[in-house]
Structures are given as C-alpha cells and as structure tokens.
Amino acid sequence: MEQQDYLAKFWLVIGHIPEGKVATYGGVAEMAGYPRMARAVGRCLKTLPEGSNLPWHRVINAKGMISFPEGSPQYQCQRQRLEDEGIIFRNNKVPLTQHLWLGD
DNA sequence: AACATGACCTTTG
DNA sequence: CCAAAGGCCATGT
C-alpha cells in the first residue's frame, strides 16, 4: 500500500507543526519528502478519521488562505481555531511572513 | 473528470 | 526595492 505510506508521512509532518504557526500543503509535502504532492496532502486531510488528534487546521495553501469558500462552515471553523491559537487574519488571509512554519 | 494546490508572471501599494 | 494580490497553466492522485 504505497498510498498509505506517504499519507502516514503527511500525518507525521502535520503533527509536528508547532502551535501558533501554520504550514502550506506544498510545504508539508516537501518536508515529508514528496515534492509536488500538495494536492495529495489535501486529499490526506480530506480522508482523515474522525477520532484523529491531527491539527489539520494549521495547514493552509500557499496564498496564506484557507482552501475553503468563505461562506462554508469549514472555513469559519478552521479560521476560528487558528485565531484561538494566536494566529491573526488579515483580509481573510494569514500573513505567511509571520506565521509560516519553515520546518523544524 | 475533479480536487482542502503550487509556481510563475505582472501590477499595485 | 520588497510585499501582496490576481490570473493562467502545470503536477499528481
């Protein structure tokens, strides 16, 4: 099951994201050792089990914004959670120059 | 064919 | 000059 292999690595990297910081899909993919697999990361989060303690809310796209439509409950949920960790929002976007987690 | 994206390029502040 | 924002095409599942 090669698919499960990189999915597991994505989970590991995402779990290493410190509180108050965020990472991009591509960044997670690259840190996991699978460049150009940003969308696979999104797919990974999409198939997350309900009982997982994975901080998926700290993963955003390269634009610094949440990959969900603004009117979506998922968007508000993720944003609320990020702000709760001390991450600020600017025009519905996050200043990556301030919160982006470059790695360990 | 569709997707929880990224990079490159150009314009604005 | 650097940072941010929007548009178009490329990548891999």
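Lettering follows sequence order; numbering is per chain, from 1.
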Short side-chain N/O contact from A/Lys63 to OP1 or OP2 of B/dT5, under 4.0 Å: no
For A/Ala23 and A/Leu100, which heavy atoms make the closest approach, and how far apart are they? CA-CD1, 4.2 Å
State whether the distance check finds a donor on one side and an acceptor on the other, under 3.5 Å, for side chain A/Arg43 versus base B/dC3. no
Atom-to-atom span, CD of A/Glu30 to C1' of B/dA7 - whole angstrom: 12 Å
Among the nucleotides C/dG6, B/dA4, B/dG6, whichever has the atom closest to the side chain of A/Asn61 is B/dG6
Residue A/Tyr6, side-chain heavy atoms: nucleotide from B/dA4, C/dT13, B/dG6 that is nearest: C/dT13
Output the rounded distance in Å from CD1 (A/Ile14) to P (B/dA4). 15 Å
Side-chain N,O (A/Arg36) to OP1/OP2 (C/dT11) below 4.0 Å: no
Side chain to side chain contact (heavy atoms under 4.5 Å, CB included) between A/Phe89 and A/Ile66, intermediate numbers included: CA-CA 11 Å; A/Phe89 269 72; A/Ile66 297 171; 4.0 Å; yes
In whole angstrom, what separates A/His99's NE2 from C/dA4's P? 12 Å
Smallest separation among heavy atoms of A/Gly15 and A/Pro55, with atom names: CA-CD, 4.2 Å
Of the candidates C/dA4, B/dA7, B/dA4, the side chain of A/Tyr25 sits closest to B/dA4
Exercise: identify the closest heavy-atom pair between A/Pro35 and A/Glu30: CB-OE1, 3.7 Å
Measure CG/A/Leu96 against P/C/dC2 and give the value in whole Å, please. 19 Å
Between B/dC3, C/dT13, B/dT5, spot the one nearest the side chain of A/Lys46, thanks. B/dC3
Send over the distance from A/Met65 CE to C/dA3 P, rounded to a whole Å. 19 Å
Nucleotide paired to C/dT11 in any strand shown, Watson-Crick or G-U, under 3.5 Å: none
Under-4.0 Å side-chain N/O to phosphate OP1/OP2 contact, A/Thr97 with C/dA4: yes
Select one nucleotide: of B/dG6, C/dG6, C/dG12, the one nearest the side-chain heavy atoms of A/Arg39. C/dG12
Would you check if there is a donor-acceptor pair between the side chains of A/Glu85 and A/His57 at a distance under 3.5 Å? yes
CG of A/Leu100 versus P of C/dA4: gap in Å, rounded? 11 Å
Length of the CZ-C1' vector between A/Arg58 and B/dA4, whole Å: 17 Å
Would you mind reading off the distance between A/Asn91 atom CG and B/dT12 atom P, rounded to a whole angstrom? 18 Å
